[in-house]
Number of protein chains: 2
Amino acid sequence: MYSFTEENYLKAIYKLSDNKAGEITTNAIADAMQTKAASVTDMVKKLAEKQLLKYEKYKGVKLSAKGRKVAIDTVRKHRLWETFLHNKLNFKWDEVHEIAEQLEHIQSETLIDKLDDFLGYPAHDPHGDPIPGKNGEIKMHDVVTLSNLKKGDRCVVVGVVDHRTIFLKHLQKINLMPGSKIQVSTINEFDQSHNIKVNRNIELQISFDVAKNILVKIDS
Amino acid sequence: MYSFTEENYLKAIYKLSDNKAGEITTNAIADAMQTKAASVTDMVKKLAEKQLLKYEKYKGVKLSAKGRKVAIDTVRKHRLWETFLHNKLNFKWDEVHEIAEQLEHIQSETLIDKLDDFLGYPAHDPHGDPIPGKNGEIKMHDVVTLSNLKKGDRCVVVGVVDHRTIFLKHLQKINLMPGSKIQVSTINEFDQSHNIKVNRNIELQISFDVAKNILVKIDS
DNA sequence: TACAATTTTTAGACTAATCTAAAAATATTT
DNA sequence: AAATATTTTTAGATTAGTCTAAAAATTGTA
Ligand SMILES: [Mn+2]
Ligand SMILES: [Mn+2]
Ligand SMILES: [Mn+2]
Ligand SMILES: [Mn+2]
């Protein structure tokens, strides 16, 4: 139905609209897609003709309902494949993204439905991001970043904000992974670094920068 | 490394060389690829430049060792994915081919290795075709067509010769599937149709045309 | 408001893969 | 061997997606 390229553009535009409200600029898209502004203008015209987004010269773009659905479906496929790679094939969580970037473009609705079933209808991917449902619903789960907690609070790691490999590998190195139980021991006033106890066992100090990028679910 | 199109051409040429010895003609490739002879000539020149095959004007083509490896790898990927779709996602055996045609082009050696492991290193795909190993070895299994058996012989269905959906669905309809145990009751001289007993239970008459296209392993 | 800097669009060109129609080579008949 | 039929290649065009460089529009600043 839609080409790899079209799906990739729609997904990128969708993610940009999610972050910042208002119009999405040509340069922002070029940046996200690692391509040139001229290419974006061309593609955006094509997508506008197909009613996937609204485009006004020099004014940026806005996804239509149809375009958003395609984008969300692509995100759904991406995250289900990431979950498959991680849960079933034992890929590490920093290895799944690149391959899912290819798998997300396989065209077969039945395949995705069956994959979803096979995985047991997971709510989140290995990075803690919500997996949209078949009809496009996205259940926002009640997560906060570790940096929001107070001294004494308990929580479980469920994901990350920063998705870059360098960060994922860092967490792996200090053995702070989804599922890890954390209690905040102290927050150092000087640099906001956190002393935490992991799995009621290991004491660890993490920078504010790390704390800001870890998504947790508060134990209640 | 290689594009979808290149992999598809190499696979088609490989399958043609497997059937008939000698050179593969432009028209034969065009036929197999559902494209035009002119397109084949263009692509074949490109593949020859990349040393994937030997091409002489008006003389047809022959795969190089390098080209054959790419083709066999593609077949390996195709059959592993078909096995995944059938064994893990419960697709029927006539539904897996089209999707595998897409999945076979995903690029990641690790992915295929892990998939192979996940599936338990299967020797055959759902249609009874051998799955090439990581290094390109293909273990030919000792199968014959049902039409080769004599009265009284016992065997188990392991695959098909004709891969068309219409045949696969027919077998499904008469409930003759991989795993079915068969004993030949009689072979009717007039039209070579076979009366068989399936799973020591159901009596069935099948035409010679069907018998010729069922691969079986003889019970011994 | 005018000038400069930045952003966006257009114009024209490129590559991969495809096609049609015509030309060239090969194969088959007479 | 000559004529005819078939196969294969070439020539030229098309489409999707991309690029660079130049032009146009917008935004920021003095
Ligand atoms: Mn990802
Ligand atoms: Mn993608
Ligand atoms: Mn197949
Ligand atoms: Mn294919």
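None of these values were measured; they are calculated from a predicted model. Below, all heavy atoms of this structure are taken into account, side chains as well, without hydrogens, waters or symmetry copies. Each chain gets a letter, A, B and so on, in the order its sequence line appears, and its residues count up from 1.
Look at A/Asn27 and you'll find a side-chain N or O under 4.0 angstrom from OP1 or OP2 of C/dT8. In this structure, A/Thr26 reaches the C/dT9 phosphate: one of its side-chain N or O atoms is under 4.0 Å from OP1 or OP2.
Checking C/dT10, C/dC19, C/dT8 against every side-chain atom of A/Lys45, the shortest atom distance belongs to C/dT10. Considering only side-chain atoms of B/Met43, the nucleotide from D/dT10, C/dT9, C/dT18 that sits closest is C/dT18.
Salt bridge A/Arg76/A/Glu104: absent, no basic N to carboxylate O contact under 4.0 Å. Note on A/Lys11 versus A/Glu101: salt bridge recorded, some NZ/NE/NH1/NH2 to OD/OE distance being below 4.0 Å. In this structure, A/Asp113 pairs ionically with A/Lys134, as a charged nitrogen and a carboxylate oxygen lie closer than 4.0 Å. The existence of a salt bridge linking A/Asp94 and A/Lys92 is excluded, since no basic side-chain nitrogen approaches an acidic carboxylate oxygen closer than 4.0 Å.
Residue B/Lys169 places its NZ atom among 12 or fewer non-hydrogen atoms of other residues, nucleotides or ligands, all under 6.0 Å distant. In this structure, A/Lys114 places its NZ atom where more than 12 heavy-atom neighbours from other residues, nucleotides or ligands lie under 6.0 Å away.
Atom C1' of nucleotide C/dA16 and atom CD of B/Glu49 are separated by 13 Å, given to the nearest angstrom. In this structure, CD of A/Glu23 is placed 10 Å from P of D/dT27, rounded to the nearest angstrom. B/Ile24 has its CD1 atom 16 Å from the C1' atom of D/dT7, to the nearest Å. The CG atom of B/Asp42 sits 10 Å away from the P atom of C/dC19 (whole-angstrom rounding). Distance B/Lys50 NZ to C/dT15 P: 14 Å, rounded to the nearest Å.
Scanning residues 30-39 of chain A for heavy-atom distances under 4.0 Å to DNA chain C yields A/Ala37, A/Ala38. The stretch residues 54-64 of chain B touches DNA chain C through B/Tyr58, each having a heavy atom within less than 4.0 Å of the strand.
The residue A/Tyr9 sits close only to the backbone: its heavy atoms come under 4.0 Å of sugar-phosphate atoms, none of a base. Within 4.0 Å of A/Thr5, counting heavy atoms only, lie sugar-phosphate atoms of the nucleic acid but no base atom.
Using the six-membered ring where Trp is involved, B/His105 and B/Phe4 have ring planes that are parallel, under 30° apart on the 30 and 60° scheme. The aromatic rings of B/Phe118 and A/Phe118 lie perpendicular to each other, with more than 60° between the two planes, well past the 30° mark.
Taking all atoms of both residues into account, the shortest heavy-atom contact from A/Lys212 to A/Thr145 is O-CG2, 3.3 Å.
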